[in-house]
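Given the structure is predicted, the values throughout are model-derived calculations rather than measurements. Hydrogens, waters and symmetry mates are skipped; everything else that's a heavy atom, side chains included, is used.
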Protein chains: 2
Amino acid sequence: MRGLDDTDRDILRLLLEDARRPYSDIADAVDLSAPAVSDRVERLGEIGLIEGFTLDLDRSMLREGVPVLIELRTRPDTGAVADGIDEAEAVEHVFRTAEGTVLVIAHVDQRNVREFLAEHADLATIEEIDVRLLADSEWTPQLGTGELAPECAECGNTVTTEGETATLDGDVYHFCCQSCQSKFVDRYEELAAGVED
Amino acid sequence: MRGLDDTDRDILRLLLEDARRPYSDIADAVDLSAPAVSDRVERLGEIGLIEGFTLDLDRSMLREGVPVLIELRTRPDTGAVADGIDEAEAVEHVFRTAEGTVLVIAHVDQRNVREFLAEHADLATIEEIDVRLLADSEWTPQLGTGELAPECAECGNTVTTEGETATLDGDVYHFCCQSCQSKFVDRYEELAAGVED
DNA sequence: CCTGAAACGCCTCCGTT
DNA sequence: AACGGAGGCGTTTCAGG
């Protein structure tokens with residue numbers, strides 16, 4: 001495993017601006033060959049930094065109900081509530097704060113928020129609901145000067161430049177060291193063997 | 001001007017999933033030819049619905065400070081404050097509610113939020129600041145069954161399926177009817193003539 | 001507004017350094 | 001890791017309905 005270098009960051013920045021830009025153009029810009037860019041983009045996808053290529057839409061042009069901000073205070077069951085709501089259509093963002101508030105950005109009929117919530121979450125776990133109309137929202141896709149910081153799948157530590165990787169059933173896992181990797185893989189294989197019995 | 005039809009929505013949905021998907025693949029899926037898909041995508045870009053092609057990144061893998069939610073209550077000067085903050089690096093989202101609260105999702109050092117704000121907004125206009133750590137955030141790019149709803153550049157009404165379009169200095173404007181269009185264009189040309197004098 | 005053919009350009013696989 | 005060439009697609013332009 002390698003960290004992000006300046007070339008990776010340049011490639012990301014260029015793709016952030018236009019994800020359909022030809023790799024050969026990017027190659028010129030970062031002084032590399034097109035195959036090299038292709039390889040790097042693939043690697044950035046494999047490690048999970050690039051989750052995909054998508055569109056930046058002007059959602060204000062789509063009238064799918066009123067944009068609202070829903071703020072929920074839940075009993076300490078936040079994760080499940082947040083996940084359930086994220087499944088719903090018309091939901092664009094779900095933010096979960098450290099102290100247990102869930103913020104939802106969605107397009108719904110404001111008078112039906114309660115109904116909407118009832119369909120996707122257990123109302124009993126929700127202590128407080130606050131709904132506000134959104135006047136405006138901006139999204140700024142950009143890249144800081146950040147370093148790459150995946151977590152070790154075994155011990156949770158930050159994986160540095162010299163970590164290990166394993167692919168199990170198509171999923172990629174990162175490890176801070178060889179021992180964490182073998183420990184994890186052994187346990188995984190034991191589990192897989194158990195299923196077959 | 002045409003509204004969105006089902007084919008447009010299918011194309012958008014496919015591109016949201018993978019913006020680098022070949023137009024020929026999309027063409028197969030929606031039963032059209034590749035050039036027709038290309039034309040439609042271009043049109044969706046021209047009317048401003050597609051703002052661009054971009055990446056979906058796992059920002060938790062980039063350590064650029066701590067993800068925080070900043071909530072601001074401002075004197076009724078919300079727009080300027082929101083715009084100023086959106087300029088800042090490390091800011092991902094700015095939401096503005098109807099009643100004047102600004103919500104900012106950013107990666108900053110939590111102890112320096114005040115400093116951070118001072119650099120990008122006039123502190124005198126901010127009455128209240130609330131900062132919360134973010135534990136988790138989900139983004140689900142999706143499309144409702146929404147119709148296309150641009151506004152008439154002249155009167156502000158919603159432009160229906162039979163509106164007009166004009167291109168002035170490379171920018172595309174939409175109008176609900178011919179009279180709005182000619183009114184706008186005349187005024188524009190008068191203005192342009194004034195500048196030359 | 002669409003199709004179909006054809007020209008052009010882009011991506012990726014491979015052998016090599 | 002990256003380059004360069006070659007093959008195979010993908011995109012776009014153009015003529016025609």
K.L.:
Between A:Arg40 and D:dA1, is there a side-chain N or O to OP1/OP2 distance below 4.0 Å?
P.N.:
no

K.L.:
In whole angstrom, give the distance that lies between atom CZ of B:Phe53 and atom C1' of D:dT11.
P.N.:
13 Å

K.L.:
Measuring only between side-chain heavy atoms, which start at C-beta, is B:Val68 closer than 4.5 Å to B:Phe116?
P.N.:
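Result no, sub-4.5 Å side-chain heavy-atom pair not found.
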
K.L.:
Scan nucleotides 4-17 of chain C nucleotide by nucleotide, 5' to 3', and note B when protein non-hydrogen atoms come under 4.0 Å of the base, S if they reach only the sugar-phosphate, - if neither.
P.N.:
BB----SSBB----

K.L.:
In whole Å, what is the span from the CG atom of B:Leu15 to the C1' atom of D:dG10?
P.N.:
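These atoms are roughly 14 Å apart.
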
K.L.:
Check the distance between D:dC3's P and A:Asp28's CG and give it to me in whole angstrom.
P.N.:
11 Å

K.L.:
Looking at CZ of A:Arg96 and CG of A:Leu103, how far apart are the two atoms once the value is rounded to the nearest 0.5 Å?
P.N.:
12.0 Å

K.L.:
What is the distance from CG of B:Leu32 to C1' of C:dC1, rounded to the nearest Å?
P.N.:
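Distance check: B:Leu32 CG to C:dC1 C1' gives 9 Å.
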
K.L.:
Flag the pair A:Ile105 / B:Phe95 as yes when at least one side-chain heavy-atom distance between them is below 4.5 Å, and no otherwise.
P.N.:
yes

K.L.:
Distance from A:Ile11 atom CD1 to A:Asp5 atom CG, nearest 0.5 Å?
P.N.:
8.0 Å

K.L.:
Do B:Ile85 and B:Leu72 have side chains that get closer than 4.5 Å, going by heavy atoms?
P.N.:
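The answer is yes, as the side chains (C-beta and beyond) meet within the 4.5 Å cut-off.
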
K.L.:
So, A:Arg20 side chain and B:Ala19 main chain: donor-acceptor pair closer than 3.5 Å or not?
P.N.:
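Answer holds: yes.
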
